[in-house]
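Just so we're clear, the structure is a prediction, and the values are computed from it rather than from any experiment.
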Amino acid sequence: VQLQASGGGLVQAGGSLRLSCAASERTFNTYNMGWFRQAPGKEREFVARINWSSRITDYADSVKGRFTISRDNAKNTMYLQMNSLRPEDAAVYHCAAARRSWSTRDADYDYWGQGTLVTVSS
């Protein structure tokens with residue numbers, strides 16, 4: 001499956017952005033999905049994940065209460081609503097799909113999107 005992330009941009013601290021991740025195949029409906037981010041000079045880190053049915057979500061402590069992950073299986077699309085953005089949220093955000101794993105480790109994901117850049121000005 002191919003994943004296309006979009007929605008990044010420049011926003012002021014305290015602002016909001018909504019990222020989207022569009023999948024090319026209906027098999028998206030069976031995959032657990034995740035968002036990861038990588039800031040310059042840092043390792044890629046887990047942000048949020050959602051299971052195939054949307055019943056289970058999980059967040060990194062750093063984004064809990066500010067970010068919301070969701071998906072629309074009818075549209076083969078996952079979202080990340082990001083509110084109260086901080087300068088430390090600035091990074092390239094990647095979406096990823098896991099055929100079987102339910103994990104916060106990037107190595108456990110099978111498919112990756114190309115990333116979308118989020119810049120937060122202070």
- Message: Can you confirm whether Asp58 sits close enough to Phe46 that some side-chain heavy atom of one is under 4.5 Å from a side-chain heavy atom of the other?
- Response: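 A side-chain contact exists here, since the closest heavy-atom pair is under 4.5 Å.
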
- Val120 side chain near Gln12 side chain, heavy-atom distance below 4.5 Å: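 Answer no - side chains too far apart.
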
- Query: Who pairs with Tyr109 by ring-ring contact (aromatic ring centres under 6.0 Å, His included), at least two apart in sequence or on another chain?
  - Reply: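 Result, ring-ring contact (aromatic ring centres under 6.0 Å, His included) vs Tyr109: Phe36.
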
- Partners passing ring-ring contact (aromatic ring centres under 6.0 Å, His included) against Tyr79 (at least two apart in sequence or in another chain):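 Counting only residues at least two positions away or on another chain, Tyr79 forms no ring-ring contact (aromatic ring centres under 6.0 Å, His included).
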
State plainly whether one hydrophobic cluster holds both [X] and [Y], where clusters connect Ile, Leu, Val, Met, Phe, Trp and Tyr through side-chain heavy atoms under 4.5 angstrom apart.
X: Val92; Y: Leu3; result: no
X: Trp52; Y: Phe28; result: no
X: Val63; Y: Ile50; result: yes

- Task: Could you tell me whether Gln81 atom CD has more than 12 heavy atoms of other residues or ligands within 6.0 Å of it?
- Result: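 Yes, the 6.0 Å shell around CD holds more than 12 heavy atoms from other groups.
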
Sequence neighbours left out, what passes side chain to side chain donor-acceptor pair (under 3.5 Å) with [X]? Give chain and number order.
X: Asp72; answer: none
X: Asp108; answer: Ser103, Arg105
X: Asn76; answer: none

Could you tell me the separation between the [atom1] atom of [X] and the [atom2] atom of [Y], rounded to the nearest 0.5 Å?
X: Ser24; Y: Tyr111; atom1: OG; atom2: OH; value: 9.5 Å
X: Ser62; Y: Asp89; atom1: OG; atom2: CG; value: 7.0 Å
X: Met33; Y: Asn73; atom1: CE; atom2: CG; value: 9.5 Å
X: Leu19; Y: Leu80; atom1: CG; atom2: CG; value: 5.0 Å

- Task: Fit a plane to each ring of Trp112 and His94, take the angle between them on a 0 to 90° scale, and name the class: parallel (under 30°), tilted (30 to 60°) or perpendicular (over 60°).
- Result: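 Plane angle over 60°, so perpendicular.
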
Closest approach of [X] to [Y] (non-hydrogen atoms, all atoms of both residues):
X: Asn32; Y: Ser101; answer: ND2-O, 3.0 Å
X: Ala13; Y: Ser122; answer: CB-CA, 4.3 Å
X: Met78; Y: Gly34; answer: CE-O, 3.5 Å
X: Arg37; Y: Ala91; answer: CB-CB, 3.8 Å

Kindly say whether [Y] contributes a backbone atom to a donor-acceptor pair with the side chain of [X] at under 3.5 angstrom?
X: Thr30; Y: Thr27; answer: yes
X: Asp110; Y: Arg99; answer: yes
X: Thr119; Y: Leu10; answer: no
X: Gln114; Y: Ala5; answer: yes
X: Thr77; Y: Lys75; answer: yes

- Which pairs pass disulfide (SG to SG under 2.5 Å) with one or both residues in residues 22-103, sequence neighbours excluded?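 Of all non-adjacent pairs touching residues 22-103, those that pass disulfide (SG to SG under 2.5 Å) are Cys21-Cys95.
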
- Between Arg66 and Tyr59, is NZ or CZ placed under 6.0 angstrom from the six-membered ring centre and within 45° of the ring axis?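 Negative - Arg66 is either too far from the ring of Tyr59 or too far off its axis.
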
- Task: Taking the six-membered ring of Trp102 (Phe, Tyr or Trp), confirm whether the NZ or CZ of Arg49 is under 6.0 Å from its centre and within 45° of its axis.
- Result: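 Yes, a cation-pi geometry.
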
- Task: Give the intermediate values and the outcome of side-chain contact (heavy atoms from CB on, under 4.5 Å) for residues Asn83 and Phe67.
- Result: CA-CA 6 Å; Asn83 298 330; Phe67 290 11; 6.0 Å; no

- Query: Is there a donor in the side chain of Tyr31 and an acceptor in the side chain of Arg100, or the other way round, less than 3.5 Å apart?
  - Reply: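 Tyr31 vs Arg100: no donor-acceptor pair found between side chains.
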
- side-chain contact (heavy atoms from CB on, under 4.5 Å), paired with Asp106, selected from Glu45, Arg44, Gln38, Glu43: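 It is Arg44, the one option of Glu45, Arg44, Gln38, Glu43 that forms the side-chain contact (heavy atoms from CB on, under 4.5 Å) with Asp106.
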
- Task: For the pair Lys64 and Asp61, evaluate salt bridge (charged side-chain N to carboxylate O under 4.0 Å, His left out) and give the outcome as yes or no after the intermediate values.
- Result: CA-CA 5 Å; Lys64 277 182 183 175; Asp61 288 344; 3.2 Å; yes

